[in-house]
Each structure stands twice: as C-alpha cells, then as structure tokens.
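One structure is given here, and the rest of the page talks about it.
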Amino acid sequence: MIDYTATLNEAQYEAVTSGDGPVLVVAGAGSGKTRTIIYRLAWLVEHGTPPESILLLTFTRKAAHEMLHRAGLLLGAGLSRTQGGTFHAFAYGALRANHPLWLNGRPFTLMDASDITDAIRHCKEALKLGRGDRSFPKTQTIAGFFSKARNKELPLADVLEREAFHLLPHSEALVSLEVAYTAWRREKGLFDYDDLLFELEGLLADETAARILRRRFTHILVDEYQDTNRVQARITRLLAGVRAAGEVGADPCNVMAVGDEAQSIYAFRGADVRNILDFQKIFPGTRVIRLEENYRSTKPVLEVANSLLANAAESFHKTLFTRTEGGDPVRLVMPLSDMSEATLVVRRIRELLDIYLPHEIAVLFRAGFHSYHLEMALQQAGIAFRKYGGLRYTEAAHVKDIVAYARLVLNLLDMPAFARVAALHSGIGPKTVQKVYAALSLCDPAITSKALARYPGLQEDIGFVDKLRALQQKPEDIFSAVLEHYFPKLEFLYPDDWPRRRQGLEEIIQMAAGYAELDIFVADLALESPEADGSDNENRITLSTVHSAKGLEWNAVLIIDLVEDRFPSRHALARPDDFEEERRLMYVACTRARKNLDLYAPASIYSRATRGNLYVSQSPFVRELPLGLAEEWVESLGGTLTRRKISHPARSPHPSCDSLRNTEGEPARSPACGACRHRIFGRGKIVKHLPPDKVQVNFPGFGLKIILAEYLLMED
DNA sequence: GGATAACTGGTTTTT
DNA sequence: CCAGTTATCC
C-alpha cells in the first residue's frame, strides 16, 4: 500500500482520497498539481477502480503518458489500460468506433493544419474570392477566424466585428467562404480539429451511445480545466453525467477537474474561464479543494509572479506563497538590440551550464519566430537545443510526403493526401489533381485506369499504394515500404537539401512502431506529433513558446524579447481582455522557473523593412515591475553588462502611447490636467493627486495606476 | 490553359 | 522563412 500522508500535504491528500462525486481542484502554479493527479490515479486503482474505467483528459498526450507512467511506478503495475490524452485524440478514438451516421459508412480523415489551409485556399479560388485584392486576408488568417468562431460558438460575422474591424468589408465574402469550406469537408469526409469536438458532442447527444461511454468510464479526470472551451465543458458534463441532489442513479458523476484560472492562456481559441468558475453550478454538490502552497519556485521568482497578478483584472487576483527562504535574485537584462540579446543569452547559458544540466534550462518567448537569432547564435556556439512550438517534425514537406502515401493506403479518396502525392509528379498541378480525383471518386475501375493512363508516374504510385493496402501490414512495415518507395524520389524532389531531409526520415518507422493501427498513428501525427528524437534530449537545452511550455518547469528560465509588440503581442493591445491574457501568459512564463529567472528586454529590434534597428519600448510587464524585485543589468557598447541600481525615468509603470492606439491607429492623448498641467501618455486621465510626488491615473480598459509625477509629460 | 520559376513583403499563440 | 503573386515557359 502507498503511504499517502507521507508525501502529500493536507489539501493534496483531501483531493487524492476524495470519494464519489464531482471535485474541483484549484491548483496554483507549482502547487503539486501533477503529483496530486498521479496519486489520485494510484489511489483510485488501489481502491478497486479498474484502470480501464478511468479517463484522463490532459492538454498534451505527453502529459497524460507521463502521469500514467508515474502512477504506474507508484503502484508497481502498469496503467496501460487507462485511456489518457487530449480531448481531440479521445474524440477521434470515440468517433472511429462510432462513425457519425451522416457519413453513410464512408471513411473519414483528420486534416492537419496544412490540409485546412489548402482546403480553404481551394474554396477561395473556386469562389474567385479576393483575387489580387491585397486587403483580403491571408488563407491562414482566415483559417484562424473560422476556427475561432467555432470555438467561441459565435457567428463568423460577430467574431470579425469584435476582433477584426478592418476585415468587415470582406465579411460577406468570408461567410460564403466558410459555407463552402464546410460543404467541402462534408463532401470529402474530412474532419478538422473543431469537427472532432462537435461530432463527439453529437455522438454523446445520443443517449444510448452516451450511456455506453459513461459505463465504460466511471472516473473522469480533466487537467488544465481553465483552458477548456464551451464544447469541451459540455463533453465533460455528458461523459460524467449529472446527478441531482440526493439522487442515486446510474450516472456515477465521478469527475475531477483540475485547473487555475490565473493560468488561462487559450481564450484566443475559445477557452472560457467561466467553465472553471461555474463548475459548481454545472455539477451540484461539487467539493472544491484549493492547493495554494508553492513548492516549485524560490521567493524572488514568486515575488515577480505575484506582482504581475497584483496588477491584473479583479477576478484573477491570487498570491502564491512559499515557506522556503533565499534564492538568487531575478535578473532584468537590457541588451542594446535583439542581436546582442542572442549573444548575451548564449553567454548566460554557458554560465548556467556550469550549475545545471542542459535539460534543466529553457528559453521562452511569445512567438515561434522570436527565437531565430538565438537559434543561430546557439548553433554557432555549439550548444544543442530542441524547440517546442513553431515548425514541427511532421510539418516538414518530406515527412508530409510519406504520411500522404500512408494516408492513401488507408483511403485512396483522402483528398489532401491524394493532392500531395499527385503533385510530386512533374506536369501535375492543381487543375489536373481535381480532374483525376473526380474520376477516381466514381470508384469505377475502367474510368480510374483511363484517367491514370496519361500520368504513368502517378499510376505507378497508386498501384504501389493499392498493393500495400492489400497486404494489411503493421504500421511500421507500411512505413518502411513507403520509405523504400520514396527514397529514390527524394533527390529529384528536393535538389537543394535532400541529404539533410534524408536524415531522420527513418525516425517515422520508430514512431509508428508503438502503434497497432495505422489510422490512429496518422491521426496522432496530425493531433500532436510524437517526440521526434528521444535519444539525446538530456543534452539539449529547451527553446519554447510560452504556450508550449505550459505545465513544464526548469531550474533556469530565460524569457526573451520582452518588448512592446512582441510580448505582449501587437495583436493584444487593441482590447483589454487580450491584454490581460498576455499578462497571464507572462505569469505562466515566470512560474516555470524553479531557481533562476532572467528577463531580457532589448532596446532595439532589427527590422527588415527599414533595414536597420528600430528602437522599441520595453514590455509593460517589465516597466511595471516594482523597483527592487529584479536586479537590473544594462549592456553598453562592446557587450559589457553593468549593474544599474537606480532605475531610469523611462521605466514608467503604465502602457505607453504606442500600446494605447485607438482604432484609427493614432496615439490618443487626453488634455493636460487642469490642476497640475501634466499630460498622460495614451488615453490616461488623472483622477487624484497624491502629494508630494504621485498621481493616480485611470487608463480606460487597463484600470487605475499610481504613477510618479516625474514619469509624466509637462504641458509645454 | 496550365505548370513552374522568380520575386516580394510580412510573421501570434495550438489541437 | 514562407505564402501568395506575377512572369515566363510548355
């Protein structure tokens, strides 16, 4: 038997050992949330719950696997029969077993990100929309809005009105494009990410199907509940069932949701914090347990994190505490440019490598491309890294090529895969693809062979795929056959860099080896690519977007590019809600650090457009940092860092005029204060004078701030 | 008409 | 670095 009291605190113990009924665990950053889930899994199994009756829904498959693995270690027995993964992966599995009726028995295929943009581009061309119109949004942007509308469950026109005022002239065109895209998916049997969730909900709407799943999964655990969207919350409810007060029915309603509203960072894709705030209303009789003590970070790190939340909108106020004292100070480094930032970060990583192993160090940033300079500098310095977020292994063209062959083995009428394989042959472009596909979809051997006769290369490929299908092999054997078939083409397809692409292509066979079913493997590739290389990860530092760093932790964390327009992102400055999400994102980034936290705010950023360095404002999250919370280091020419004890007046703790542009794109200013003749940056208004040297200012949408008068402009 | 080469301008975050 | 556009070639 496991000794639960030895390693758990009181609140954790209560969560782990709670009996039947709904439970909500509100777990602050670093409060032992993962440990709690692991022990909960072990406790359930130890107290008679069959492992296969537990469903663990997490944010990444990796998180689920790790928790199950560690719970298995505790128990001394594997938890391989427990299902764990993302909502999307679970939905795929459920729909695979219960085909939606409207498909009429046809196979369905999961689209990956590029399939989605390709499909939208195709519809856009078919409808002749936005041709040569520079103001028409990019296909990827359109895909983003389509998905956002569905995740927020709002009409597309409403989303555009709220979030993309400048696209309103195209509203009608985009709505018709959305209709066409939906029709295209249904016609071709294609599911995008959002379809998975809504189709699963549709499945659960059938009471018989829902009851079967409820009986199968008597205990449901949902991690990162603050980042679920509305349909995911409804799915949770449908899977758990709801018992009215006092009722003892068939629905077990053993659901445990774990989350932290201060770490909600996915509102952009429809995550709704109300799911966690309203949990008790949805599930009557919920037991709420709070984990508040932080075991992860040192005091200096927590003070910075707490200060970020102290400036947040009301509902997110929260303070983490630790019983441990001491720890290195948080460092705020101000390089001259993003180029020298890369140099300084490399230098700092060298220092940290004397103390920590590579895998205990991470560099975090707001967007994938922010790390380009650093990636080059690390390469030159010979420091190995792996990058999360941004381009993935499975998004490389040559990997998509082989996966496309595998998808055709599953389903010859998989439109995106067919288009990809067909276009590998010279002389076949988009139009020919459409023609040949139309002929193939009639499923008449005579017509098929006639259509293919004109394209011998493609005919050979189709023959190869048909043969492979007939053999009914294991996924790894199918991929080795595909590789053998594909290798000779590689040199011709990618003359510039085929040797590089050849490297690591065989890894896909290793990845496939863990799977018994080809379609599940292919679906997983689209949902979340497995670790590309498991070999020397211990010897690499981590580069990651903050979003991809969620749920992870390192001894040393460096956050780069803390400047306005980057972190917070330019797009977030228009609306206060988005700005608040950036703040929580910064909070998530800081709370990843166990011992060392370095913040980098370069004074300038290289811009291609002007072929020079542009001076930039520091991120408001840096400017608002109270003096004394971080040690400040300034770079001077020549790359030397100097410790700065007194803060510069430019370090004003409020958004600058740049970050408070109105919709016309002009910096807005209020008139000078009648009493003191001071002017405020942006739209701020002085509401109170606090003698001798401070004023209270209200920034519409950002709230009240107290500011030193010397930071303000005098009317001239 | 349709495929491919050359060019240009602009980058959020993810399943 | 990559998607979308225009120019050129079959």
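So that the names make sense, note that chain A is the first sequence line, chain B the second, and so on, each numbered from 1.
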Q. To the side chain of Ser569(A), which of dT12(B), dG4(C), dC1(C) is closest?
A. dT12(B)
(Q) Which residues pass the side-chain contact (heavy atoms from CB on, under 4.5 Å) test with His99(A), not counting sequence neighbours? (A) Leu103(A), Phe108(A)
Q: For Phe369(A) and for Val433(A), locate the closest nucleotide of DNA chain B by heavy-atom distance; then report the residue assigned to the nucleotide nearer the 5' terminus.
A: Val433(A)
What's touching nucleotides 4-7 of chain B from the protein side, N or O pairs under 3.5 Å?
unit_1 : atom_1 : unit_2    : atom_2 : d
dT4(B) : OP1    : Gly427(A) : N      : 2.7

Grab the N/O contacts between the protein and nucleotides 8-10 of chain C below 3.5 Å, and write none if there aren't any.
none

Q | Pairing residues for Thr432(A) by the side chain to side chain donor-acceptor pair (under 3.5 Å) criterion, not counting sequence neighbours | A | none
**Q.** Sub-4.0 Å heavy-atom contacts from residues 141-151 of chain A onto DNA chain B, ordered by number
**A.** none
(Q) Applying salt bridge (Lys or Arg N to Asp or Glu O under 4.0 Å) as the test, list every pair that has at least one member in residues 414-440 of chain A; sequence neighbours left out. (A) Asp401(A)-Arg420(A), Arg407(A)-Asp414(A)
Q: With sequence neighbours left out, write down each residue that passes side chain to side chain donor-acceptor pair (under 3.5 Å) with His425(A), or none if nothing qualifies.
A: Asp461(A)
Q: State which residues pass side chain to side chain donor-acceptor pair (under 3.5 Å) with Gln226(A); sequence neighbours excluded, sorted by chain then number.
A: Glu224(A)
**Q.** By ring pair (Phe, Tyr, Trp, His ring centres under 6.0 Å) - contacts of Phe621(A) (at least two apart)
**A.** Phe579(A)
(Q) Which residues pass the ring pair (Phe, Tyr, Trp, His ring centres under 6.0 Å) test with Phe365(A), not counting sequence neighbours? (A) none
Q | Residues that His122(A) engages under ring pair (Phe, Tyr, Trp, His ring centres under 6.0 Å), provided they are two or more places apart | A | Trp184(A)
Q. What residues form a side chain to side chain donor-acceptor pair (under 3.5 Å) with His547(A), not counting sequence neighbours?
A. none
